[in-house]
Peer 1: 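Before I ask anything, let me first share the structure, which is written out below as structure tokens.
Protein chains get the first letters and strands the later ones, always in sequence-line order, with residue 1 at the start of each. All of these numbers come straight from a predicted model, not from anything done at the bench.
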There are 2 protein chains.
Amino acid sequence: MDGEDTAGRLIEATQELLWERGYVGTSPRAVQRRAGVGQGSMYHHFGGKPDLARAAVHRSAEEMQARAEADLSGAGGALGRVRAYLTRERAVLRGCRVGGLAQDPDVVADPGLRAPLQETFDRLRARLAEVLEEGRADGEFRPDLDPAGTAATVVAVVQGGYVLARSAGHPGPFHEAVDGLLRLLDAHAAEPDTRP
Amino acid sequence: MDGEDTAGRLIEATQELLWERGYVGTSPRAVQRRAGVGQGSMYHHFGGKPDLARAAVHRSAEEMQARAEADLSGAGGALGRVRAYLTRERAVLRGCRVGGLAQDPDVVADPGLRAPLQETFDRLRARLAEVLEEGRADGEFRPDLDPAGTAATVVAVVQGGYVLARSAGHPGPFHEAVDGLLRLLDAHAAEPDTRP
DNA sequence: GTCTATAAGCTGATAGAC
DNA sequence: GTCTATCAGCTTATAGAC
């Protein structure tokens, strides 16, 4: 419960380094330095690098799920909540602290490390599909909307938007991809969009 | 021109390792071993790891652009060609050999390494936008289609699809995301889709 | 719990012989 | 062009004192 305890500081430092440098690029030594914790102390609390990373990835996954849930359970209609999720302020050039790890071969090869990624995106897609299905049932979307497929598309656009933005060196392509998707979704609204 | 020369083998080996392990995870030593080339030989042909990586990333980017251009300049209408690009057979779980590098901090920090990524995605988006604009001009798409935004969305779905598939450990989410996007694009076709 | 050795192996390179 | 030293520093621990 104490955010200032040694194990907690180690996990936080690992979360930051995994976000910045990935799993391969993060050494126990760098974690110790950032956490201000000695070698022996780290190995007392955690079994090693994979063990430490599992704890950090698990926490990052929980935090990401909580943020998404906040957007998707807010006020407004289905499209409004999906729009809230898509247009939430993000540190675009930093990428996704969960999705970014999927690029790492050592992460996808370790079931304990990959599981939080899988769970996060499975739940996010399922929750988005629920919201979209609500919108269809309410007549907000056309009846031919595919909730599950569209949900996967929404999540992919965000993750792919990060890739395009980091490749470009600026956040522009992320926002273009999101705006393009929102226009496609607008066109799927039951009533033709007549905004100026 | 000879694909069996030392420099060529080094570049090929580097392309493979960058795809599998990323930039941070790829050592000159591993490249030498895979290419069957000695230490001194490698440093004779290339200045070091960044130099070698620049050559390899440049070639991978060219190859990716050529494949995309083949799909987008094929036969058929605009939607058909976009569909051909999106549904081309891919080694989904391996990820994109260009986009995957965008996760690496050392790649985005080195202008010579990031440039091929930026160019690849800029050109791909521009070419897709052209195709979509053609489709709109021909009356294949509704007049309110946004070619540039939609192009960014298409590229993002592919890149994000890789992230979701690798996180899940199977290609399913990639195909769900692509199918979801194709349904949204179908709905943007000028004539209502009435297929069974 | 935390500290300081200690260690075998890898990293990214340079130097000079052949 | 290619080869074999050689190198300082990092990686990922383990061992045992405090």
Peer 1: With sequence neighbours left out, write down each residue that passes ring-ring contact (aromatic ring centres under 6.0 Å, His included) with F174(B), or none if nothing qualifies.
Peer 2: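 Only Y162(B) meet the ring-ring contact (aromatic ring centres under 6.0 Å, His included) criterion with F174(B).
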
Peer 1: By the side-chain hydrogen bond (donor to acceptor under 3.5 Å, both in side chains) test, which pairs, at least two apart or in different chains, include something from residues 38-55 of chain B?
Peer 2: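 For residues 38-55 of chain B: Q32(B)-Q39(B), R54(B)-D110(B).
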
Peer 1: Of the non-hydrogen atoms in S73(A) and R127(A), which two are nearest, and what is the gap between them?
Peer 2: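 Shortest heavy-atom contact: OG-NH2, 3.2 Å.
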
Peer 1: Go through residues 48-60 of chain A and report each residue with a non-hydrogen atom lying under 4.0 Å from DNA chain D, sorted by number.
Peer 2: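 Under 4.0 Å from DNA chain D: K49(A), P50(A).
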
Peer 1: Out of dT12(D), dT11(C), dG12(C), which nucleotide sits closest to the side chain of R29(B)?
Peer 2: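 Given the options dT12(D), dT11(C), dG12(C), the side chain of R29(B) is closest to dT11(C).
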
Peer 1: Enumerate the residue pairs fulfilling side-chain hydrogen bond (donor to acceptor under 3.5 Å, both in side chains) with a member in residues 171-180 of chain A, sequence neighbours excluded, ordered by first and then second residue.
Peer 2: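 side-chain hydrogen bond (donor to acceptor under 3.5 Å, both in side chains) check on residues 171-180 of chain A returns E176(A)-R125(B).
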
Peer 1: Examine the side chains of Q15(A) and S60(A) and answer whether a donor and an acceptor come within less than 3.5 Å of each other.
Peer 2: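 There is such a pair between these side chains.
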
Peer 1: Mind running side chain to side chain contact (heavy atoms under 4.5 Å, CB included) on V158(A) and Y85(A) for me, showing each step along the way?
Peer 2: CA-CA 10 Å; V158(A) 172; Y85(A) 168 70; 4.0 Å; yes

Peer 1: Can you tell if the side chain of R123(A) reaches within under 4.5 Å of the side chain of E119(A), non-hydrogen atoms only?
Peer 2: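 Of all side-chain heavy-atom pairs linking E119(A) with R123(A), at least one is under 4.5 Å.
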
Peer 1: For DNA chain D, find the residues of residues 31-41 of chain B with a heavy-atom distance under 4.0 Å and give them by number; none if there aren't any.
Peer 2: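 Contacting residues: G38(B), Q39(B), G40(B), S41(B).
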
Peer 1: Report yes if at least one side-chain N or O of H44(B) is closer than 4.0 Å to OP1 or OP2 of dC3(D); otherwise report no.
Peer 2: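 The answer is no; no side-chain N or O of H44(B) sits under 4.0 Å from OP1 or OP2.
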
Peer 1: Any residue in residues 100-114 of chain B with a heavy atom nearer than 4.0 angstrom to DNA chain D? Just list them by number, or reply none.
Peer 2: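 Nothing qualifies; none.
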
Peer 1: Rounded to the nearest angstrom, tell me the gap between atom NE2 in H45(A) and atom P in dA13(D).
Peer 2: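 H45(A) atom NE2 is separated from dA13(D) atom P by 17 Å.
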
Peer 1: Can you tell me which residue among R33(B), R94(B), R59(B), R34(B) is in a salt bridge (Lys or Arg N to Asp or Glu O under 4.0 Å) with E16(B)?
Peer 2: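 Only one option passes, and that is R34(B).
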
Peer 1: Does T6(B) have a side-chain nitrogen or oxygen under 4.0 Å from the phosphate oxygens OP1 or OP2 of dT2(D)?
Peer 2: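 Checking dT2(D) against T6(B), a side-chain N or O does come within under 4.0 Å of OP1 or OP2.
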
Peer 1: Could you give the OH-to-C1' distance, from Y43(B) to dA5(D), as a whole number of Å?
Peer 2: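 Distance check: Y43(B) OH to dA5(D) C1' gives 15 Å.
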
Peer 1: Can you see if the side chain of S27(A) gets near the phosphate of dC10(D) - specifically, an N or O under 4.0 Å from OP1 or OP2?
Peer 2: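 False: S27(A) side-chain N/O out of range (4.0 Å or more) of dC10(D) OP1/OP2.
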
